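Data first, discussion second: the structure below is written as structure tokens.
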Amino acid sequence: MLKYLQPYDTKLQAQIQDLIDNDTLGKYILSKYTSVHSYSSDKALYGYVMELKNSFMKGSSPIAKVMYDTKIRDVNAALGTHTYVSRVQGGKLKAKHEIRIAHIFKPMPEPFLKMIVTHELAHLKIKDHNKAFSNCVNIWSQSTINWSLT
């Protein structure tokens, strides 16, 4: 099973796995969501991520960079990544956060992009994929994304 779907219902996970096994997931998503998002540049993606961040996490750490990354190739490993570097600067600990989204998601429907961005934003608050992280992602995802396959 794909690790980034673990917070979702097991029935939904099985349906998605079946679509993946039959190589029909992309067609299904594009049939359910007929238009793709307009965030095709890194600048537009940054604005989109910041809008979501400000909606859900106004007081969280700032994000230094958001971009589509051509090096994220294996969808089974990651849809996006969140990295952070901590540095001591003037006696204070500063963190620099970056979010990178796999470039293959440029021509996807906006709810799918929102799911990936929401996941990566949750890492600003909770680093590990634990139960608290899953709850955080579920709350945000349910308020913005309808992933029912019926």
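Since the model is a prediction, treat every value here as computed from it, not as a measurement. The first residue of the sequence shown is numbered 1, and numbering continues consecutively from there. Values below: every heavy atom of this structure, side chains too, minus hydrogens, waters and symmetry copies.
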Taking side-chain contact (heavy atoms from CB on, under 4.5 Å) as the test, write out the residues that go with K106, two or more places apart. Y68
Decide side chain to side chain contact (heavy atoms under 4.5 Å, CB included) for V117 and I99; before the verdict, give the C-alpha distance in whole Å, the side-chain angles of both, and the deciding distance to 0.1 Å. CA-CA 8 Å; V117 169; I99 292 178; 5.7 Å; no
With a 4.5 Å cut-off on side-chain heavy-atom distances among I, L, V, M, F, W and Y, is there a chain of contacts connecting I20 to Y33? yes
Which residues share a side-chain contact (heavy atoms from CB on, under 4.5 Å) with A64, sequence neighbours left out: K96
Between Q15 and L12, is a side chain to side chain contact (heavy atoms under 4.5 Å, CB included) present by the stated rule, with each step listed? CA-CA 5 Å; Q15 290 173 324; L12 179 64; 3.9 Å; yes
Straight-line distance of L25 CG to F112 CZ, nearest 0.5 Å: 6.5 Å
Kindly write out the residues that satisfy side chain to side chain donor-acceptor pair (under 3.5 Å) with D21, not counting sequence neighbours, or none if the list is empty. Q17
Nearest heavy-atom contact between K71 and D69 is N-OD1, 2.8 Å
When you measure from the side chain of N54 to the backbone of M50, do you find a donor-acceptor pair of N or O atoms at a distance under 3.5 Å? yes
With a 3.5 Å distance limit and no angle check, can you tell me whether H37 reaches the backbone of F105 through a side-chain donor-acceptor pair? yes
Apply side-chain contact (heavy atoms from CB on, under 4.5 Å) to T24 and list each qualifying residue two or more places apart in sequence or on a separate chain. L19, N22
Look at the side-chain heavy atoms of Ile, Leu, Val, Met, Phe, Trp and Tyr, link any pair under 4.5 Å apart, and say whether Y46 and Y48 land in one connected group. yes
For the atom pair CD1 (I63) and CD (E120), what is the distance rounded to the nearest 0.5 Å? 10.0 Å
I116 vs H119 side-chain heavy atoms within contact, under 4.5 Å: no
V49 and M67: same hydrophobic cluster, using ILVMFWY side-chain contacts below 4.5 Å? no
Could you go through the side chain to side chain contact (heavy atoms under 4.5 Å, CB included) check for H103 and T70 one step at a time? CA-CA 5 Å; H103 77 286; T70 58; 3.9 Å; yes
What residues join L93 in its hydrophobic cluster, counting side-chain heavy atom gaps under 4.5 Å, either direct or through other members? V88
Please list, chain by chain and in numerical order, all residues satisfying side-chain contact (heavy atoms from CB on, under 4.5 Å) with S41, sequence neighbours excluded. K43, A44
